[in-house]
Amino acid sequence: MNWADELTKNLNGPQADAVRHTQGPVLALAGAGSGKTRTIVHRIGYLIHVDGVKPWRIVAVTFTNKAAQEMQQRTIDIVGPVAADCLIRTYHSFGLYLLRQLAQYLEMPASFTIWDEADQQSVIQTILTSKFNLNLNKTQVRYFAQTFSSFKDSLISPDELADEVDLDQYEYGEIMQEAYHLYEQQKKQSIAMDFADLLYQPVRVLQSVPEALEKYRNRYRYFLVDEYQDTNYAQYMLINLLAGAERNLFVVGDDDQAIYGWRGADVTNILNFNQDYPDALVIKLEENYRSTQPILDLANSVIANNSNRMEKRLFTSLTEGSLPKLTVLPDDNSEAIFIAEQIARLSQSIHHDEIAVLYRTNAQSRLFEEALLQRKIPYRVFGGTAFFARKEVKDVLAYLRFIDNPFDEVSFIRAVTTPPRGIGEKSLEKIYAARFDNPEHSFLAIIGRAATLEIPAKAQLALTELHDWITEMRARVKKQVDLGLLLEDILDRSGLLAAFEEEDRLLGTNRLEHITELKNSMLDFQTRRPEGLLSDYLQDISLYTSTADLNPEGAGKAVNLMTIHNAKGLEFEVVFITGMDEDIFPHYLAQRNGDIEEERRLFYVAVTRAKRILQLTRAKRRMMGGQYQQTRPSVFLGEIPPGMLKMEETTAATSPVATYKKTFQAPSRKPVTGEKFKNMITAAANADSSVNPNFKPGDRVKHPNFGTGKVLRIEGSGESAKIHIFFSDNKSRKFLLRYTNLEKL
DNA sequence: CTTGAAGCGATTTTT
DNA sequence: TCGCTTCAAG
């Protein structure tokens with residue numbers, strides 16, 4: 001086979017130029033749907049098969065996990081299995097990969113812990129209270145965390161801060177430098193890195209250690225960067241440092257799709273590429289192969305409202321196509337149900353994984369999940385904090401992380417206080433003080449000397465016990481272990497298992513179900529990387545946010561639920577853009593910050609994800625802060641010329657919501673929504689026991705665990721109904737009615 | 001001192 | 001609805 005022909009024959013002129021021009025800098029200005037990924041993938045193939053470049057000399061980076069996975073898969077499909085040796089990663093994953101190898105230059109072991117935002121914020125919170133006597137709320141603490149990250153995105157260390165920025169323009173400017181410094185110090189003492197470090201630290205090492213730079217410049221010779229318009233300074237430096245010698249740098253981007261300004265992304269990185277590399281070949285990809293003309297018309301008419309854009313004229317040969325539609329629903333619930341029904345209808349002709357439901361904020365996903373679950377339509381939720389931010393998951397991970405890294409302050413605190421074992425604020429302060437005096441000793445070592453701490457005997461005992469079994473576990477994980485068994489041991493010995501069981505039973509949570517999911521991810525990991533250690537697993541998952549990231553193969557035939565940010569770089573036959581209401585999209589905070597043009601680009605990104613069918617929805621009322629509020633239509637709707645959008649409105653009376661509620665209002669089985677519905681499916685196995693008679697105050701009842709008692713009162717109704725029972729042990733307890741197996745006497 | 005219960009407000013997008 | 005803060009009992 002002639003690879004040169006094979007890899008260019010299905011490309012248009014400019015695409016083929018971009019693929020063939022493998023030496024030296026190339027900038028591809030690529031409109032939405034113009035075959036960016038396709039070009040990158042074919043270029044990788046050309047490098048390997050025509051130029052004879054070794055795959056491991058090729059680095060390709062993009063932004064989101066899903067986009068990276070997709071690029072990797074498509075490369076293997078087109079180029080062959082040899083492409084598995086290319087480094088196709090997200091920026092952060094590439095940064096982590098380098099950082100592990102460069103950690104020695106930072107006097108850090110390669111197996112550091114990675115702190116997410118919540119971890120970061122809890123450390124900053126502690127610093128602000130203990131060192132500055134500032135008791136700030138969550139929003140203010142988040143502000144500190146974001147500010148520190150923005151410094152690192154701009155490659156500014158605590159020492160350089162005063163010279164580089166005008167601290168007066170920052171709130172708390174007078175303590176900013178000191179706080180930033182303390183945070184970095186604590187982090188180092190915890191043997192931890194935050195997300196910004198994954199880029200900042202490798203860049204700093206490459207800048208200051210010539211031999212390190214030399215080594216990686218030698219190893220990696222070809223760089224391909226997707227979404228270049230969204231790079232921040234640290235990302236820009238990382239790539240340009242490494243590619244700077246050979247200058248085989250291929251970047252693609254579109255200024256109309258710049259949507260990460262809030263994270264320090266700088267569009268001028270792409271606009272100035274020509275100044276960085278005056279000899280760069282500039283290629284324009286303007287033919288759209290993705291969407292039909294009506295979809296493109298809508299996209300173009302909206303983005304035209306932005307000033308300061310590079311003129312581009314996107315065209316397509318797919319002139320036929322149905323008009324995009326806007327459906328106005330009475331409320332957010334009916335919006336979700338409407339979408340679920342549309343999807344059910346489309347299922348006849350279109351695969352579920354060719355359908356995407358897009359929203360502006362992760363919080364909006366809940367109603368869609370519920371509606372899809374009710375109709376048994378499979379779905380996957382991308383991004384968000386859906387899984388790894390769950391309390392039970394973080395609880396278990398805290399133990400795993402503490403076992404892996406006994407210096408980690410965040411994991412230690414969480415593990416030692418969850419579940420409660422008599423260690424409170426005061427005891428923790430004592431532990432802190434001891435650690436402050438001996439920063440070279442781990443938290444584990446310090447609780448190993450519990451007897452020397454001035455804390456209650458009960459607390460000493462608890463600490464010693466914890467120390468002993470954590471030590472035992474640490475000995476175990478030095479070698480390769482079955483992570484699933486380890487997890488079970490931890491659940492058991494920590495007391496978490498009992499706590500979760502109790503909660504699931506009394507409150508109807510799904511904690512153990514989520515733990516099982518975590519366990520599955522471990523089994524998955526061990527299948528994928530049989531040599532993998534606990535620390536590898538922990539670093540691996542730290543870059544994932546949802547279970548959808550966890551098992552890419554599990555994609556199957558599920559509908560995709562994601563934010564618009566997460567959808568960038570992807571395409572679907574059918575796209576729903578939801579929440580077309582003022583303050584939702586554009587988001588009111590963006591509006592307030594004057595980022596309306598970025599919101600408009602976001603809308604442009606959303607629209608251009610659709611290949612054939614584009615459906616917009618909005619709701620006239622939405623549940624906000626516990627009550628319904630009227631909404632106004634998004635400004636973006638007003639920017640669409642009449643005739644480009646078909647409109648329809650459905651009313652409450654015909655809304656499926658009402659019908660649904662009625663069907664399920666039967667007294668024997670309480671109505672269920674969302675998460676709870678899942679329980680019902682599981683509960684369906686022992687269906688008979690889930691049928692409760694109606695109880696009223698005064699009834700005598702028997703509870704399987706607490707024996708007989710008298711009903712005091714029923715609080716609330718429907719799925720959230722709670723029953724208060726006074727038991728024969730003279731104690732009253734309350735339960736969620738629908739999860740309690742009560743027998744009427 | 002620690003913990004559970006009651007009461008109150010909720011501020012975005014990614015890794 | 002959820003999670004955090006406040007308060008009082010053990």
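Within the nucleic acid shown, A/L602 has no heavy atom closer than 4.0 Å to any nucleic acid atom. Within the 4.0 angstrom heavy-atom criterion, base atoms lie near A/T139. Residue A/Y91 is out of contact with every strand shown, counting any heavy-atom pair closer than 4.0 Å. Within 4.0 Å of A/N135, counting heavy atoms only, lies no atom of the nucleic acid at all. The residue A/R601 sits apart from the nucleic acid: no heavy atom pair falls under 4.0 Å.
Note that CG of A/D254 is 7.5 Å distant from CD1 of A/I270, once rounded to the nearest 0.5 Å. Atom OG1 in A/T113 sits 3.5 Å away from atom CG in A/N405 (nearest 0.5 Å). Distance check: A/N333 CG to A/R622 CZ gives 11.0 Å after rounding to the nearest 0.5 Å.
Picking from B/dT12, B/dC1, B/dT14 the nucleotide with the shortest atom distance to the side chain of A/K426 gives B/dC1. The A/L543 side chain lies nearest to B/dT15 when the options are B/dT14, B/dT15, C/dC4. Side chain of A/E117, nearest nucleotide from C/dC4, B/dT14, B/dT11: B/dT14. Out of B/dT11, C/dC4, B/dG4, the shortest distance to the side chain of A/R592 is found at B/dT11.
The distance between atom CG of A/L589 and atom P of B/dT11, rounded to the nearest whole Å, is 9 Å. Atom CZ in A/R89 sits roughly 14 Å away from atom C1' in B/dT15 (whole-Å rounding). Counting to the nearest Å, the P atom of C/dT1 and the OH atom of A/Y628 are 13 Å from each other. In this structure, CD of A/Q146 is placed 14 Å from C1' of B/dT15, rounded to the nearest angstrom. Between the CD atom of A/Q629 and the C1' atom of C/dT1 there is a distance of 15 Å, given to the nearest Å. Regarding A/D581, its CG atom lies at a distance of 16 Å from the C1' atom of B/dT12, rounded to whole Å. Separating the CE atom of A/M623 from the P atom of B/dA10 is a distance of 17 Å, rounded to the nearest angstrom. One can place CG of A/D116 at 17 Å from C1' of B/dT13, the figure rounded to the nearest angstrom.
The side chain of A/T563 contributes an N or O atom lying less than 4.0 Å from OP1 or OP2 of B/dT14. Residue A/N566 has no polar side-chain atom (N or O) positioned under 4.0 Å from OP1 or OP2 of B/dT13. Regarding contacts with the backbone of B/dT13, a side-chain N or O of A/N362 is found under 4.0 angstrom from either OP1 or OP2.
Closest-nucleotide positions on DNA chain B for A/A590 and A/A459 were compared, and the one nearer the 5' end corresponds to A/A459. Where A/S427 and A/F195 meet DNA chain B, the nucleotide closest to each residue was compared, and A/S427 sits on the side nearer the 5' end.
For the pair A/K391 and A/D395, the minimum side-chain heavy-atom distance is below 4.5 Å. In this structure the side chain of A/R401 reaches within 4.5 angstrom of the side chain of A/D119, judged on heavy atoms.
In this structure, A/F151 has its ring center under 6.0 Å from that of A/Y170.
A stacking contact links A/W262 to B/dT13: the aromatic ring centre lies within less than 5.5 Å of the base's six-membered ring centre, and the planes differ by less than 30°.
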